[in-house]
Protein chains: 2
Amino acid sequence: MPSRRRGEELEATILEAAWAEIRENGYQRLTVEGVAARAHTGKQVLYRRWPNRVRLTVAAIRHALGPLVPEVPDTGSLRGDYLAVLRAMAARARHYTPELLYGLLSEMPEFGGEVFATLPEVITPILRNAAARGEIPTADLPERVAALPLNLIRYEGLRSPGAWQVLDEAAADRLFAEILDQIFLPLVCRPDC
Amino acid sequence: MPSRRRGEELEATILEAAWAEIRENGYQRLTVEGVAARAHTGKQVLYRRWPNRVRLTVAAIRHALGPLVPEVPDTGSLRGDYLAVLRAMAARARHYTPELLYGLLSEMPEFGGEVFATLPEVITPILRNAAARGEIPTADLPERVAALPLNLIRYEGLRSPGAWQVLDEAAADRLFAEILDQIFLPLVCRPDC
DNA sequence: CGAATAAGAGACGATGCGTCTCTAAGTCGG
DNA sequence: CCGACTTAGAGACGCATCGTCTCTTATTCG
């Protein structure tokens with residue numbers, strides 16, 4: 001008979017079970033009973049740690065995807081840097097099916113804070129570097145402008161959710177290029193760029 | 001004893017009952033039983049018309065809010081026209097609580113087509129008028145650019161949902177002005193605008 | 001006027017949440 | 001090394017609500 005698991009080990013098993021259930025059946029059909037069964041444990045063990053289904057799900061996502069904020073890229077150009085950020089975001093977004101994202105937001109609107117973060121920790125340094133290189137006249141952009149590509153990408157993901165799941169890397173890059181070249185760069189660069 | 005209702009009359013009563021329940025209790029707590037009770041009818045009468053709770057809700061929204069596409073405004077300037085469109089959209093958005101919007105989208109992702117429409121029927125004429133007046137060099141903008149303010153407003157509504165419900169008209173107008181003046185107009189107008 | 005239709009009312013089975021209860025495995029202080 | 005405490009593992013339970021089914025009877029239509 002296998003020994004009983006505890007603490008970290010048990011917790012990790014449960015969160016991985018939850019994440020597996022989500023990937024296989026989606027969030028709507030995620031049941032606490034199902035997760036418990038898959039982790040070979042009882043419901044009470046889950047409810048001892050998370051107060052309800054939503055919070056369990058959030059914990060599972062965080063466990064599976066790791067920290068939200070990506071590294072600050074330094075590719076030598078504003079375009080390259082921002083592109084790197086968009087790629088990192090898209091990689092993360094690929095795990096959010098529409099059904100999962102909307103389901104979570106409907107039951108826990110404050111989760112939006114996590115999903116819609118403006119990421120100044122990343123964007124501000126990028127803009128400062130660009131200004132130092134002389135690519136843009138000033139790094140001091142209104143937040144709405146600084147986060148524009150970020151927001152547009154996210155909007156794209158909300159608007160045609162599921163799109164990330166089928167978009168190959170080349171197609172995603174084309175989308176990023178469109179947003180950067182048609183909208184963001186014309187808006188922030190000195191006229192001659 | 002009151003006579004039994006039928007057809008249009010009964011249907012309208014039901015949809016109004018559903019909408020009232022949504023406004024009072026939100027979508028999550030909308031129950032088919034509750035709607036039936038409020039409309040003084042039986043569940044079967046609802047299920048005879050709509051296959052499930054989501055579809056009933058969508059029907060109730062359409063009944064309450066009317067057609068999606070607003071009139072084409074003609075204020076004499078691109079800024080004024082687009083502002084009018086944004087105001088019309090915001091008026092509609094005010095009825096979508098986060099909980100309602102996300103709930104619907106999670107259970108019926110294709111509803112996004114309705115919520116995220118690019119509204120070319122409205123935007124294209126506006127741009128054509130602006131071009132005819134000489135405000136912009138060409139009316140032939142990429143769709144992504146033409147719909148930019150629309151998308152940003154909607155993103156704003158998704159990002160801080162519930163915000164519309166508390167935003168007074170002046171504050172909403174400030175937001176629209178920010179988006180038009182900082183982003184859209186600089187992007188599409190001839191340099192001297 | 002008689003037959004067909006559909007309203008109004010509610011019982012029913014299924015599902016799944018969150019709570020509660022029980023036994024025994026593992027941990028820890030003395 | 002042992003007795004007390006904690007908590008894992010298992011599942012029963014009550015409750016809400018979905019969607020289906022059944023029944024009676026008012027209304028409509030041929």
Side-chain angles (χ1 to χ4, degrees), chain A residues 1-22 24-60 63 99-100 102-108 111, chain B residues 1-22 24-60 63 99-100 102-108 111:
Chain A
M1 47 209 59
S3 69
R4 286 182 178 176
R5 300 149 300 174
R6 297 197 153 217
E8 296 274 309
E9 187 201 348
L10 177 56
E11 201 150 319
T13 308
I14 294 170
L15 292 177
E16 278 149 29
W19 185 239
E21 291 279 314
I22 289 170
E24 280 175 31
N25 303 323
Y27 175 63
Q28 306 276 7
R29 280 185 295 171
L30 174 88
T31 71
V32 179
E33 255 135 356
V35 175
R38 185 170 201 135
H40 303 291
T41 185
K43 288 207 289 181
Q44 191 58 49
V45 174
L46 310 206
Y47 280 107
R48 228 189 315 269
R49 291 174 167 72
W50 304 279
N52 53 45
R53 201 177 73 116
V54 193
R55 302 292 292 272
L56 166 63
T57 304
V58 171
H63 182 80
E99 186 266 335
L100 169 60
Y102 288 132
L104 280 179
L105 287 172
S106 74
E107 291 176 32
M108 196 183 146
F111 187 64
Chain B
M1 48 209 63
S3 67
R4 285 185 179 173
R5 299 149 300 173
R6 297 198 154 218
E8 296 274 309
E9 187 200 349
L10 177 56
E11 200 151 317
T13 308
I14 294 169
L15 292 178
E16 278 149 29
W19 184 239
E21 291 278 314
I22 289 169
E24 281 175 31
N25 303 323
Y27 175 63
Q28 305 277 6
R29 281 185 296 172
L30 174 88
T31 72
V32 180
E33 255 134 357
V35 175
R38 184 170 202 136
H40 302 291
T41 185
K43 288 206 290 182
Q44 191 58 48
V45 174
L46 310 207
Y47 280 107
R48 207 160 9 238
R49 291 173 166 73
W50 304 278
N52 52 45
R53 200 178 75 117
V54 193
R55 303 293 292 272
L56 166 62
T57 304
V58 171
H63 182 80
E99 186 265 337
L100 169 59
Y102 288 133
L104 279 179
L105 287 172
S106 74
E107 291 176 33
M108 196 182 145
F111 187 65

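First the proteins, then the strands, lettered A, B, ... as listed; each starts at 1.
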key: Rounded distance (Å) that lies between atom C1' of C/dC17 and atom CD of B/Gln28   = 14 Å
query = Distance check: side-chain N/O of B/Arg48 vs OP1/OP2 of C/dG8, anything under 4.0 Å?
reply = no
remark   = A/Leu56 CG to C/dG18 P, in whole Å, measures 10 Å
key: Polar side-chain atom of B/Glu21 near backbone of B/Thr31 as donor-acceptor pair, under 3.5 Å   = no
key: Closest nucleotide among D/dT20, D/dA8, C/dA7 to the B/Arg4 side chain   = C/dA7
ask   = Could one point to a donor on the side chain of B/Lys43 or the base of D/dG19 with an acceptor on the other under 3.5 Å away?
value = yes
inquiry  = Keeping B/Gln28 on the side-chain end and A/Ser106 on the backbone end, is there a donor-acceptor pair under 3.5 Å?
reply    = yes
request  = Classify the nucleic acid contact of A/Arg29 as base, sugar-phosphate or nothing, counting any heavy atom under 4.0 Å across all strands shown.
outcome  = nothing
ask   = Over how many whole Å does the gap from A/Ile14 atom CD1 to D/dT7 atom P extend?
value = 14 Å
task = Indicate, with a heavy-atom threshold strictly under 4.0 Å, whether A/Arg53 touches base, sugar-phosphate, or nothing.
result = sugar-phosphate
Residue A/Tyr47, side-chain atoms from C-beta onward, closest of C/dG10, D/dG19, C/dC17 = C/dC17
query = Once you round it to whole Å, what is the distance between C1' of D/dC18 and CZ of B/Arg55?
reply = 17 Å
query = Touch check for B/Arg6, heavy atoms < 4.0 angstrom, all strands: base, sugar-phosphate only, or nothing?
reply = base
note = A/Glu9 CD to D/dA8 P, in whole Å, measures 12 Å
query = Rounded to the nearest 0.5 Å, how far apart are CD1 of B/Ile14 and CG of B/Leu56?
reply = 8.0 Å
query = Within this structure, what is the CD-to-C1' distance between A/Gln44 and C/dA24, rounded to whole angstrom?
reply = 16 Å
task = Count the heavy atoms of every other residue, nucleotide or ligand shown that sit under 6.0 Å from CZ of B/Arg49, and state whether that count exceeds 12.
result = yes
key: Nearest-Å distance for atom pair NE2/P, residues A/His40 and C/dA25   = 19 Å
inquiry  = Classify B/Leu46 by what it touches in the nucleic acid, base, sugar-phosphate, or nothing, heavy-atom distance under 4.0 Å.
reply    = nothing
ask   = How is B/Arg5 classified with respect to the nucleic acid when contacts are heavy atoms under 4.0 Å: base, sugar-phosphate, or nothing?
value = sugar-phosphate
query = The side chain of B/Asn52 lies closest to which of these nucleotides: D/dC21, D/dG19, D/dT27?
reply = D/dG19
message = Categorize B/Leu30 for me: base, sugar-phosphate, or nothing, with a 4.0 angstrom heavy-atom threshold over every strand shown.
response = sugar-phosphate
query = OP1 or OP2 of D/dG9 sitting under 4.0 Å from any side-chain N/O of A/Thr41?
reply = yes
query = Atom CD of A/Glu33 to atom C1' of C/dG18: distance rounded to whole Å?
reply = 10 Å
ask   = Taking B/Arg38 as the fixed residue, which of B/Glu24, B/Glu16, B/Glu33 is the one that meets the side chain to side chain contact (heavy atoms under 4.5 Å, CB included) rule?
value = B/Glu24
